[in-house]
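Below is one structure, written out as structure tokens; comments come after it.
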Amino acid sequence: MIKAILIFNNHGKPRLIRFYQYFTEEMQQQIIRETFHLVSKRDDNVCNFLEGGSLIGGSDYKLIYRHYATLYFVFCVDSSESELGSLGLIQVFVETLDKCFENVCELDLIFHMDKVHYILQEVVMGGMVLETNMNEIVAQVEVQNRMEKSEGGLSAAPARAVSAVKNMNLPEIPRNINIGDINIKVPSLSPF
Amino acid sequence: MALKIVKGSIDRMFDKNLQDLVRGIRNHKDDEAKYISTCIDEIKQELKQDNIAVKANAVCKLTYLQMLGYDVSWAAFNIVEVMSSSKFTYKRIGYLAASQCFHESTDVIMLTTNQIRKDLSSPNQYDTGVALTGLSCFVTPDLARDLANDIMTLMSHTKPYIRKKAVLIMYKVFLKYPESLRPAFPRLKEKLEDPDPGVQSAAVNVICELARRNPKNYLSLAPLFFKLMTSSTNNWVLIKIIKLFGALTPLEPRLGKKLIEPLTNLIHSTSAMSLLYECVNTVIAVLISLSSGMPNHSASIQLCVQKLRILIEDSDQNLKYLGLLAMSKILKTHPKSVQSHKDLILQCLDDKDESIRLRALDLLYGMVSKKNLMEIVKKLMLHVDKAEGTTYRDELLTKIIDICSQSNYQYITNFEWYISILVELTRLEGTRHGHLIASQMLDVAIRVKAIRVFAVAQMATLLDNAHLLTGNMQRNGICEVLYAAAWICGEFSEHLENPMQTLEAMLRPKVATLPGHIQAVYVQNAAKLFATVLKSQEGNTDGTVTQDTSQLMIERLPVFVQSANLEVQERASCILQLVKYIQKLQQKDVEVAEEVSALFAGELNPVAPKAQKKVPVPEGLDLDTWINEPPSESESEDEQPKAIFTKEEPKHSRARHTEVDEKELARRREARKQEQANNPFYIKSSPSSQKVYQETPGVDHIPVIQIDLTVPLKVPGLPMSDQYVKLEEERRQKERAEKKKKDKKKRKEKRSGRGKKHDSGPESEEDITPAHMVDIVTEEMPENALPSDDDEKDPNDPHKALDIDLDKPLADSEKIPVRSHRAAEAAKSPVEDRDADGIATQLPKKKHGKEKREEKKKKDKDRERKKSKDEKKKKKHKSEEKDGDLLGAEVDEPVVQSEEPSQASEPPTSNSAEVSDLDFWLSNAPVPSNIQEVPKVAAAEAASAAEVISGGAQDSEPDEPKDAEMEATKPSKHKKKKQKKEKEDKEKKKKKHHHYHHHSDGVGEESVQNGTVEEEEEPLPSMSNYCLLAENSYIKMVYDIQGNLQDGSQVVVSVIFENKCDSFLKSMEFNVLDSLNSKLQRPEGSGPHDSLAVPFQLPPGVSNEARYVFTVQSIVMPQKLKGTLTFIVKTEESSTHEKLDFKLHFTCTSYLITTPCYSDAFAKLLESADLKSSSVRLEGVNMPFHHLLARICFHHHFSVVERIDSCASMYSRSIQGHHVCLLVKTSGQTVSIDAKCDEPMLLGNVLDEIKQTFSQC
């Protein structure tokens, strides 16, 4: 079982939180802070597993995370999940995001938290892995997006983040979550 | 102004969507909180609008704010509103918000039941999907109960997308509403074979999750999972299943045996590291569950360790980490296999990654031996010096102590060294494990008598240099060691060289800055030292020393009398008065030493920490009975104590306590403050205490200096542990030299003093004797103490409720409540819905709970009854067994049946049938891993089955079972008993066929593997697939060929070599002349004609088995391969080289693999056109039909699909995936077999072989 999925950036700002067990909002923020503290002080070339973290867990739980450019993807899982499998799952999730957002970057996650949630819902449901086939996930997400479009979307004015960014004059953030470039080493989880 | 309002209400309401909110927050970095609070106000306004689009937008923004940590539960009702929108877009937003912020105590959840039900049955699959996803996050017991049936229905939805979601959510439903597990389970099980891989994977996921918590209930699914494991190509599914098997094997060692082979194959074949790792993990679990010793097991361990080594050596830190993790599991049972990789693990200690270092540390724990302990600890000490960060250093410290103290100091040969290590550890800066070091010092000093002289000397130095430790003691707990030091010096003061000096050190004014409990020990032990000094000076006419000592005590103790700590104060004032009195006596020249030391006479014994708990309760004492009359329940809790105590014991302290009112308390507090203010020695805890402290005349003006000890100090007189390492090495060398001269007897005497002796260490280690006679005193335990602790399970574990027997047939009362509208339900007559929980749901909640409980109770009772029944049965079986004759089998059946009706309402147990199904599977299916045992067992079983059935035909069985499944399980029901009987037989004949099962390792009493068939004794010929390969006067070879489940082009030939002569056979080499079609697999690097060495030698009369893998291309034709076995016969005088030629016959049958097939799948298969048919008739077959089927199953690897009277359908599959279907009919002595297969040649050959089998008998 997956207990929680957290995405936050290099400064510990949450970009998506998904707890499969109830915590109060206050506790959730504390968990994010602690997890960020644990994860951020680790080098990029150390292992991706972390034990401990007093808030989440007990001895049966592990933090499994990946660091992509500006974002940390952290899964808190118990011993029934395979460690390498969970790493693979993070990879599947990120690659799916990349497909759905076309070269995903942090800004996409910032402005479309809801969409990220909808994608995640097709990967993990109630703490259990629902689907690992990326094409299947993308297909389901797309069908649902089409349905939304046919209904006119929310508030009828499609507001893409891109337009929002253009108006904002933000310091340019490198769009470098591109999986192809970073090429994180996935320990050959080949024929999933 | 008015315009602004209008603009605000229109623009903002409709324009500010999630993106605007995010952008706004990013633009208001400085006053984010303020900005968000205005946004929340806006959202509140928006939620008041009637427009659902506005509401949905608001809810969407709330979801974002929730992520930032804002409580949005106040909008729960609005979220429900949005959820119930008919538009998918809004519905999705609503459910997302609900899944983020609803939880069990959200009250509006009650309102959602009908909405969710509506969504679940929506014609749009995505509405359903969204509802399922949302529900998975906030399902409550009520929702689970009310919706369980709807979700059950969805498990058979036409769309796989819905099916997989429905399957997954069932797990959550089970957790919240355990009653639904049994009714839903059959369907869940069905989903394991769903055509859609996603659904299948979901079902595996759920069952694995269930089975992990209560594995024993899922053992009966093992065959199904096994099939999935060998057929699935989805790594996710494989990983889950393999993990599940890891949880199941401890419960069923036979399962483990069956697993090893396919798992090993997977390890060899897979390229996915995740899968490889899980396989290794499960193999380890299997090996742990099996009693080791079989030759192929050590090979498996070697394989695992070798693979793990590869992982650890990988540059990928993740693999390294996991490798170490898995290695630590092997370590528990096979320490020796891990110890050979010590170099690698020590290397990992230097890794930059802390997680990896910690893992490596864990491993070290199990790798130490007497030989390498010092070396390892030395290395760790180096790391302690280097370590950055206190957490890792503390971890190192605890590990050092763990390693040294494990198993009662098993590995320590030189305690002087250990004490000096402990002393060195005290110089760690900032550690919080002072108490740990202290308790070790105490433990060693108390339990190892021989070390006391040394320990006391060390502790005295430590006390003398206490200032080094206490430098920054405020910040750390290292001063705890002074507690130990003081106590040891005091208690064993007779060993002190210079007690005067130590006494002086203990009474230094600076001691007063130590924590209270340590000061107390100082004071108390100063008194002990005082007594020792007096005693040592006794008889010495010159009384100056004693006088001086008394004077010292009298001078120094007042500091402690003024201590704020009550304990210190009490002890100090008491001892001060005592010393004053003694001084008076001394001045009168009275001998007092004797009396004073009598104060501290006697030795303290170590008592086990659990001793108190283990004191057995005396007979007749019931700790749970009330001493007084229990208070009646009606009384409120507040009244209770008063009512009891004030009446009977008005002076009881508790009663008095309650009388103290607030005013009184305030008054006392005031008085105490006054008193404290007037007391110059009272140190206030206020920040100004420092000042007060310095002004007070009674306390010494010693500034607390913090000494920075970054450089490890070499304190004079404190020995460095390295010194001891060297000394120890020298000693060992000397000993080794001496040992050759000395006889062993002496050594034994020396060693017998050890309290505990472990014989797990390698032999060479045993040679290392401890430096001096070490007497480790064992801890005291009460008499009659029970040896084991019963560990309690967490009663709050939600999975406890799911510990449900799933094999029991469903009772009528166990249906998931089908709920329609409440009104309609109320109209129903109560009789109608008595069977369902429906009645409960329309009653108030309280009642429902009660009923549930009652039902549970009932179920429990049922379970208990069944258990007792099973036990009864077992007993019966046992008593029957004693007869030990063949009739036992036939007699037994009616007994069991007569028992069943007595259980009245209970349906016949399919439980035992299921279990024996499993037995059947575990012991029958021919998997090459079980080598020798399996065929034997299978033979025994088939024989017994046939016999029972034939007996059963004549027997007056009241209800002849009609369906094939019952028939199939029945024989196996008898099997157990039968095998037990056989075991008895076997025991009688043990001597006779001892040679035959010499290496069956006795897996347990119920192990069926040991059952061998006594050929002469059995009325029916036993069946064995092993047939003679070749034989001469020296050796006999029998062989069996099995298809490889994993690889379509491989078969495994198991050859049993039996030494028939009186000489030793060695250097056996096995060679086969390859054909174009079939080749013997030789290790890499060897040529195509090289022979393979048989991996064992054969002493006289012994047999052993070796396996060879052949690759085959075409499997449609049988073929023969020529081969030669060469070996050396070694006798006392000479050795001769011998040779034996043989022919390996690969029948087509050997390419078939027993594969279970279900009747529907079988029917489909037959309908498909591409199967060619063929048939054969067997005449004059004179055996019962069951027997015939058993033979086909056994010899030709078929499984029975269905059997109706004298007709049966059978199925098998070749290693290359050809389907072979048989329809076997019998009439009289004629048996006709109609067969279909997609490969006519293969079919023809198989039929020929079947015919041959029956012509032989």
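Only a predicted model underlies this, so the values are computations on that prediction, with no experimental measurement involved.
Closest approach of A:V129 and B:L168 over heavy atoms only: O-CD1, 3.6 Å. When all heavy atoms are compared, the tightest approach of A:Q144 to B:V130 is OE1-CG2, 4.3 Å.
In terms of non-hydrogen atom pairs under 4.5 Å with chain A, the most contact-rich of B:E209, B:E278, B:K320 is B:E209. Interface check for chain B: of the options A:D78, A:N45, A:V46, the most heavy-atom pairs under 4.5 Å are formed by A:V46. Of the listed residues (A:H117, A:R18, A:M113), the greatest number of heavy-atom pairs within a distance under 4.5 Å of chain B belongs to A:R18.
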Are B:H103 and A:Q21 close enough, and set up right, to give a side chain to side chain contact (heavy atoms under 4.5 Å, CB included), and what steps lead you there? CA-CA 9 Å; B:H103 51 92; A:Q21 180 186 330; over 6 Å; no
Begin from the C-alpha positions of B:L319 and A:L84 and carry the test side chain to side chain contact (heavy atoms under 4.5 Å, CB included) through to its verdict. CA-CA 9 Å; B:L319 298 184; A:L84 292 173; 3.8 Å; yes
Passes side-chain hydrogen bond (donor to acceptor under 3.5 Å, both in side chains), A:E151 versus B:T89? Steps please. CA-CA 7 Å; A:E151 283 176 355; B:T89 314; 2.5 Å; yes
Decide side-chain hydrogen bond (donor to acceptor under 3.5 Å, both in side chains) for B:Y126 and A:Q140; before the verdict, give the C-alpha distance in whole Å, the side-chain angles of both, and the deciding distance to 0.1 Å. CA-CA 9 Å; B:Y126 291 103; A:Q140 297 296 355; 2.4 Å; yes
Run the numbers on B:L96 and A:Q121 for side chain to side chain contact (heavy atoms under 4.5 Å, CB included), then give the verdict. CA-CA 9 Å; B:L96 174 61; A:Q121 283 176 358; 3.5 Å; yes
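For chain B, no part of A:D43 is nearby; none of its heavy atoms comes within less than 4.5 Å. With a threshold of 4.5 angstrom between heavy atoms, B:K165 approaches chain A through its backbone and through its side chain. Residue A:V143 touches chain B through its side chain alone, counting heavy-atom pairs closer than 4.5 Å. Within the 4.5 angstrom heavy-atom criterion, only side-chain atoms of A:Q28, from C-beta onward, approach chain B. For a residue to count as touching a neighbouring chain, one of its non-hydrogen atoms must lie under 4.5 Å from one of that chain's; by this rule B:Q66 touches chain A with backbone and side chain alike. Looking at B:Y64, the atoms closer than 4.5 Å to chain A (heavy atoms on both sides) sit in the backbone and in the side chain alike. If you measure heavy-atom distances from A:F49 to chain B, the contacts under 4.5 Å come from both the backbone and the side chain. In this structure, chain B has a heavy atom under 4.5 Å from the side chain of A:R42, while its backbone stays farther away. Residue contact with chain A, scored on non-hydrogen atoms closer than 4.5 Å, is absent for B:I242. When heavy atoms are compared at a cutoff of 4.5 Å, B:S99 approaches chain A by way of both its backbone and its side chain. Contacts between A:T24 and chain B at a heavy-atom distance below 4.5 Å are absent for every atom of the residue. In this structure, no portion of A:E26 lies under 4.5 Å from any heavy atom of chain B. Neither the backbone nor the side chain of B:N281 comes within less than 4.5 Å of any heavy atom in chain A. Residue A:E122 touches chain B through its side chain alone, counting heavy-atom pairs closer than 4.5 Å. Interface residue B:T133: backbone and side-chain heavy atoms are both found under 4.5 Å from chain A.
One finds the NZ atom of B:K164 at 3.5 Å from the CD atom of A:E131 (value rounded to the nearest 0.5 Å). For the atom pair B:W236 CH2 and A:S82 OG, the distance stands at 7.0 Å (nearest 0.5 Å). The distance from atom NZ of B:K87 to atom CE of A:M147, rounded to the nearest 0.5 Å, is 11.5 Å. Here the CD-OH distance, from B:E104 to A:Y22, works out to 11.0 Å after rounding to the nearest 0.5 Å. Expressed to the nearest 0.5 Å, how far CE of A:M125 lies from OH of B:Y171 amounts to 13.5 Å. Here the CG atom belonging to A:D114 is positioned 8.0 Å from the OG1 atom belonging to B:T63, to the nearest 0.5 angstrom.
In this structure, A:R33 has no salt bridge (charged side-chain N to carboxylate O under 4.0 Å, His left out) partners at least two apart in sequence or on a different chain. Partners of B:F102 according to the ring pair (Phe, Tyr, Trp, His ring centres under 6.0 Å) rule, which considers only residues two or more places apart in sequence or in another chain, are B:F138.
In this structure, B:R26 and A:F111 have side chains that are in contact, with non-hydrogen atoms separated by less than 4.5 Å.
Remark: the backbone N or O of A:I17 is paired with a side-chain donor or acceptor of B:Q100 at under 3.5 angstrom. At least one donor-acceptor pair under 3.5 Å links the side chain of B:K243 to the backbone N or O of A:S79. Within the 3.5 Å criterion, the main-chain N or O of A:C47 finds no donor-acceptor partner in the side chain of B:N318. Of the possible polar contacts, none joining the A:E83 side chain to the B:Y321 backbone as a donor-acceptor pair under 3.5 Å is found.
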